[in-house]
Amino acid sequence: MKKLGFGLMRMPVLDKTNAVDVDIEQVKKMVDLFMEKGFTYFDTALMYNAFASEGVAKTALVDRYPRDSFTLATKLHAAFFNSLEDRDKVFRSQLEKTGAGYFDYYLLHGIESSMLPKYEKFDCFNWLLEKKAQGLVKHAGFSYHDSAKLLDEILTKHPEMEFVQLQINYLDWESEWVQSRACYEVAVKHGKPVIVMEPVKGGTLARVPEEAEKLFKDHEADMSVPSWAIRFAASLDHVMVVLSGMSNIGQMEDNISYMENFRPLTDEEMSLCYKAADIINGQIAIPCTGCSYCTEGCPKKIAIPQYFSLYNEDMREHLEEKDWTVNFTNYDILAEKFGRAKDCIGCSQCERVCPQHLPIIESLKEVSAHFDH
């Protein structure tokens with residue numbers, strides 16, 4: 001299997017304020033190009049694109065290609081079941097929405113210390129093995145957002161899990177919070193192949209500071225900036241596939257250009273990635289990946305990831321030289337449909353589900369101080 005996977009999480013939309021309004025025709029073209037070039041791995045989940053992703057997978061992929069020609073992965077998230085029966089209800093709905101008949105890879109979604117007890121309480125590891133025994137799942141595993149220590153405990157307790165999906169990118173490689181390197185090494189120790197999520201960290205590594213971009217361009221002028229992030233993750237020996245949440249056909253064409261006949265980075269090139277990480281870490285204000293897990297239950301419907309993105313962009317500007325940036329207008333446009341940062345009531349719903357464990361409430365106060373005048 002080629003190492004690039006199509007993450008159906010940040011698909012193109014016709015209305016940028018409505019994640020459900022997916023540009024189906026463009027997605028079909030992306031699927032066609034992806035398959036034509038020999039790539040077969042597609043990743044979706046219940047809540048992606050505001051619960052529209054699995055249905056899009058059916059329309060753009062399952063209904064249009066023989067079932068044995070592609071690999072489809074989806075997930076069970078702890079937020080959507082509260083009983084033994086609920087697990088099966090979710091699973092049946094996913095089979096119906098995708099029309100897939102079975103899932104090649106099925107994951108317990110986003111395991112971390114706060115969610116693990118629920119997966120254990122409702123016996124989800126054994127439940128997943130039952131689905132495999134029934135032929136409804138080909139490979140059982142989980143995605144993970146927590147410490148290397150806890151990952152080691154889980155894989156020791158559940159050696160039956162066949163693979164693990166980890167957030168790995170050169171910016172988080174040595175992060176004390178994400179622990180990309182340490183978690184990868186635990187997976188290797190347990191002999192588990194790794195699926196990589198967030199290789200471009202929600203687009204952060206597609207738009208890097210000029211100094212970091214110069215490092216890359218001086219070495220390889222024709223390669224795009226995000227290509228370094230994808231290739232960094234794909235260069236790791238025990239990585240099976242790298243998921244890219246491609247948002248338009250241009251991004252797909254770029255990814256395919258270097259992943260169709262993939263060449264791992266050299267030691268020198270890996271070192272350039274580490275240097276770029278030092279530069280970026282010195283400038284990024286809020287390390288949000290834009291996964292949008294935080295927005296679904298927000299009582300004030302605050303566009304948290306979008307606001308963080310605008311704020312990060314402004315923090316990279318030389319604001320002492322400017323009284324205004326276009327992001328103030330962009331913020332006001334979003335605020336016409338969503339709650340403003342100042343509307344946050346501090347309920348902590350967002351922080352409980354954030355895979356990055358970000359202090360979202362405090363960060364929204366910073367965003368509000370900047371934009372809400």
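In this chain, numbering begins with 1 at the start of the sequence shown. Atom set for the values below is all heavy atoms of this structure, side chains included, hydrogens, waters and symmetry mates excluded.
Taking the ring centre of Tyr102 as origin, the terminal cationic atom of Lys138 falls inside the region bounded by 6.0 Å and 45° from the ring axis.
For Phe328 and Tyr331, the ring centers are positioned 6.0 Å apart or more. Proximity of the aromatic rings of Trp173 and Phe232 is defined here by a centroid distance below 6.0 angstrom, and this criterion is met. In summary, the aromatic rings of Phe70 and Tyr65 are positioned with their centroids too far apart to meet the 6.0 Å limit. A distance below 6.0 Å separates the ring centres of Phe51 and Phe80. The aromatic ring centroids of Phe142 and Phe163 lie 6.0 Å or more from each other. Between Phe91 and Phe103, the distance from one ring center to the other falls under 6.0 angstrom. Outside the 6.0 Å centre-distance limit, the rings of Tyr119 and His109 are not counted as a close aromatic pair. When ring centroids are compared, Phe81 and Phe122 come within the 6.0 Å threshold.
Checked for salt-bridge contact, Glu85 and Arg92 miss the test: no charged N lies under 4.0 Å from a carboxylate O.
Counting only N and O atoms by type, the side chains of His190 and Glu185 include no donor and acceptor under 3.5 Å apart. Under the 3.5 Å distance criterion, with hydrogens and angles disregarded, a donor-acceptor pair is assigned to the side chains of Ser114 and Glu112.
With sequence neighbours excluded, no residue forms a salt bridge (charged side-chain N to carboxylate O under 4.0 Å, His left out) with Lys275.
A donor-acceptor pair is defined here as one N or O able to donate and one able to accept, closer than 3.5 Å; no such pair exists between the side chain of Gln167 and the backbone of Val178.
Annotation: the span from Met47 atom CE to Ser53 atom OG amounts to 11.0 Å, rounded to 0.5 Å.
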